[in-house]
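To start, the structure itself, in structure tokens.
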Amino acid sequence: MSATTFNPVSAPDYLPKEKLRELQTERMANILRRAYEKVPFYKESFDSMGVTPESFKNLEDIAKFPFTIKTNLRDTYPFGLFASPLSEVVRLHASSGTTGKPIVVAYTKEDLDVWQNAMVRSLISCGCSKHDLIQIAYGYGLFTGGLGAHAGAEGLGATVIPASGGNTERQIMLLKDFGVTGIACTPSYFVHMIEEAGKMGIDMRQLPLRVGIFGAEPWTPEMRHYVEEAAGIKAFDIYGLSEITGPGVAVECECQQGMHVFEDLFYPEIVDPDTLQPVPDGVEGELVITTLMKMAMPMIRYRTRDLTSIMTEKCSCGRTIRRISKISHRSDDMFIIRGVNVFPSQIETAILSEGKQLLQYQIVLTRTKSLDNMEVHIELTPEMFSDKVSEIEAITKRFSKAIEKIINIRAAVKMLPPNSIPRSTGKAKRVIDKRND
Ligand code: DLL
């Protein structure tokens, strides 16, 4: 560990493997006991698998325990999975998802401290310090992004600008006037900021901004390249989910080669999404997480649906906590078009490779006679726009070819005039699913 990377708050990131394992084993035993004793749902699910907290002796034993899935949170809505009485719960967050009831998550004072610790370590990992001015443009509210990043930046001692999402012109004015050095928001919202700054005659590369802490949605390496070039910053990927705590479950370091999981707090496993059996390191599967320190709402073997792999090679930043590869998709993101599995991230890669910049796009799915169809809508920039049909046809053909090259089937592409796709200040809505309409 180099003198420059050492920070007492980040010390667990550098623990010797054996020490980390000991800590994880002790914390896992405690959390399994807490879940079993305090939450009837866990007692029932452990009993149905014939396991008790005593069945856990070493970390490998975790594979004997049942999984928890999002439906379990919905079925016990709102407070059924809480392990603490409301008198000890100091905060609730909720995530709406696309269908049905939201899922509700709870924090004790201690849980908020743990979350803040993970977020401070995340910001340090992105190269931030108390000398930074950090603008939080994730939404504040029931979404965990705003308040989570806020607590981390404050805990770090940075100067925090709690802008929340939206009012993009004002965001840009603050970036410029305050000399902001770090911004935390969704990558798609930052792309929108670059676009708006351009319209305001501001070149982001000339601003003091140097770090972006981007997450809450998948984004491709091509998109990283685009934002880093267009804004003159280093763009870091941060991962998290409400069920586990919010942002700060895993984050990149200066090497930008996968995200370090704060595994003293969140224990990761990767399983085959079909067989639910563990897969070897390096093989892609579904990320499953057990919270080791969450008192109000322990999550035991939570199936995130996010697809990734564990990277075991030592990271040159010196951190010993393991890394997961960039999360480009979820198992439930995939759609099948003429027998071919397609992920939205593949479409984004194709559009970026052909357009050389992130054009706004949406994937529209429809269904005819139980067959799924996909149409990719891509927005032209004012420079690309033309009233000559032949020119638009040529552009359409180019994008269709670029997509075909990646997904191996011809895709229907429709070019739209500038500013016709709605911009989001939070998670971008890339897929419009009309298959059940
Ligand atoms: O998105 C928490 C968060 C806020 C993370 C700010 C990072 C920054 P949820 O709204 O519960 O929580 O959504 C969680 O978003 O299961 C992933 O599918 C996706 N996701 C989050 N971060 C990333 C990322 C927040 N870096 C769901 N890359 C997760 C890809 C991500 N997908």
Side-chain angles (χ1 to χ4, degrees), residues 68-70 73-74 92-98 102-107 115-116 118-119 121-123 125-126 134-153 164-165 182-190 211-221 223-224 227 235-253 256 258-262 266 268 273 284 286-289 291 297 299 302-309 323-334 343-345 348 424-431:
T68 308
I69 54 173
K70 198 171 223 143
L73 280 105
R74 291 228 165 91
L92 300 177
H93 279 280
S95 135
S96 54
T98 41
I103 55 137
V104 180
V105 294
Y107 306 76
W115 184 14
Q116 183 178 42
M119 271 311 300
R121 286 158 68 187
S122 299
L123 292 170
S125 184
C126 300
I134 304 181
Q135 185 159 321
I136 314 292
Y138 286 116
Y140 282 61
L142 288 177
F143 174 55
T144 53
L147 284 164
H150 181 106
S164 194
I183 180 134
C185 61
T186 60
S188 56
Y189 187 43
F190 190 66
V211 176
I213 304 117
F214 300 136
E217 61 184 4
W219 51 305
T220 54
M223 182 151 163
R224 185 210 306 269
V227 296
F236 293 92
D237 196 0
I238 183 164
Y239 168 76
L241 60 165
S242 321
E243 296 89 316
I244 298 303
T245 199
V249 172
V251 74
E252 286 181 330
C253 62
Q256 294 180 309
M259 297 183 280
H260 289 279
V261 182
F262 294 111
F266 315 110
E284 187 178 87
E286 179 175 339
L287 177 64
V288 170
I289 304 179
T291 57
M297 198 171 155
M299 277 289 124
Y302 185 70
R303 289 185 57 189
T304 64
R305 299 274 173 189
D306 294 318
L307 299 175
T308 182
S309 58
R323 285 170 295 161
I324 51 172
S325 57
K326 197 166 180 50
I327 293 169
S328 58
H329 43 253
R330 293 172 55 81
S331 57
D332 44 10
D333 256 1
M334 193 187 80
F343 285 103
S345 58
E348 179 169 311
S424 158
T425 59
K427 299 181 192 243
K429 191 156 176 50
R430 302 290 193 200
V431 180

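Both ligands and their constituent atoms are indexed starting at 1 by order of listing.
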> What atoms of ligand 1 come within less than 4.0 Å of a heavy atom belonging to D237?
Replying inline: 24 (C), 26 (N)

> Atoms of ligand 1 less than 4.0 Å from I327 heavy atoms?
Replying inline: 28 (N), 30 (C)

> What heavy-atom pair brings E252 and F236 nearest, and what distance separates the two atoms?
Replying inline: OE1-CA, 3.4 Å

> Which pair of heavy atoms, one from I183 and one from A137, lies closest together, and at what distance?
Replying inline: CD1-CB, 4.3 Å

>> Looking at non-hydrogen atoms alone, which of D306, T245, I136 comes nearest to atom 18 (O) of ligand 1?
In response: D306

> So, for D306 and Y239, which heavy atoms are closest and what is the spacing to 0.1 Å?
Replying inline: OD2-OH, 2.6 Å

>> Between H260 and R323 (side chain of the first, backbone of the second, donor and acceptor by atom type, cut-off under 3.5 Å), is there such a pair?
In response: no

> Side chain or backbone of E217 under 4.0 Å from ligand 1, or both, or neither, by non-hydrogen atoms?
Replying inline: backbone

> Quick one: which ligand 1 atoms are inside 4.0 Å of a heavy atom on F143?
Replying inline: 1 (O), 4 (C), 10 (O), 25 (C)

> For G152, does its backbone N or O pair with a side-chain atom of W115 as donor and acceptor, under 3.5 Å?
Replying inline: no

>> Among all protein heavy atoms in this structure, tell me which lies nearest to atom 11 (O) of ligand 1, with the distance rounded to 0.1 Å.
In response: S242 OG, 2.5 Å

> Without hydrogens or angle criteria, can the side chains of S309 and S325 be said to hold a donor-acceptor pair below 3.5 Å?
Replying inline: yes

>> Yes or no: does K427 have any heavy atom under 4.0 Å from an atom of ligand 1?
In response: yes

> At their closest point, which heavy atom of H93 faces which heavy atom of Y107, and how far apart are they?
Replying inline: CD2-CE1, 3.5 Å

> At a 4.0 Å threshold, what atoms of ligand 1 neighbour a non-hydrogen atom of G145?
Replying inline: 4 (C), 6 (C)

>> Which residue and atom name correspond to the protein heavy atom nearest atom 22 (N) of ligand 1, and how close is it?
In response: A216 N, 3.1 Å

>> Can you confirm, on distance only, whether ligand 1 has an N/O atom lying under 3.5 Å from any N/O atom belonging to I238?
In response: yes

> How close does the nearest protein non-hydrogen atom get to atom 25 (C) of ligand 1, and which residue and atom is it?
Replying inline: G240 O, 3.6 Å

> Of the listed options (A184, P218, P247), which comes nearest to atom 3 (C) of ligand 1 when hydrogens are ignored and any heavy atom counts?
Replying inline: P247

> Would you call the rings of F343 and H329 parallel, tilted or perpendicular, where under 30° means parallel and over 60° means perpendicular?
Replying inline: parallel

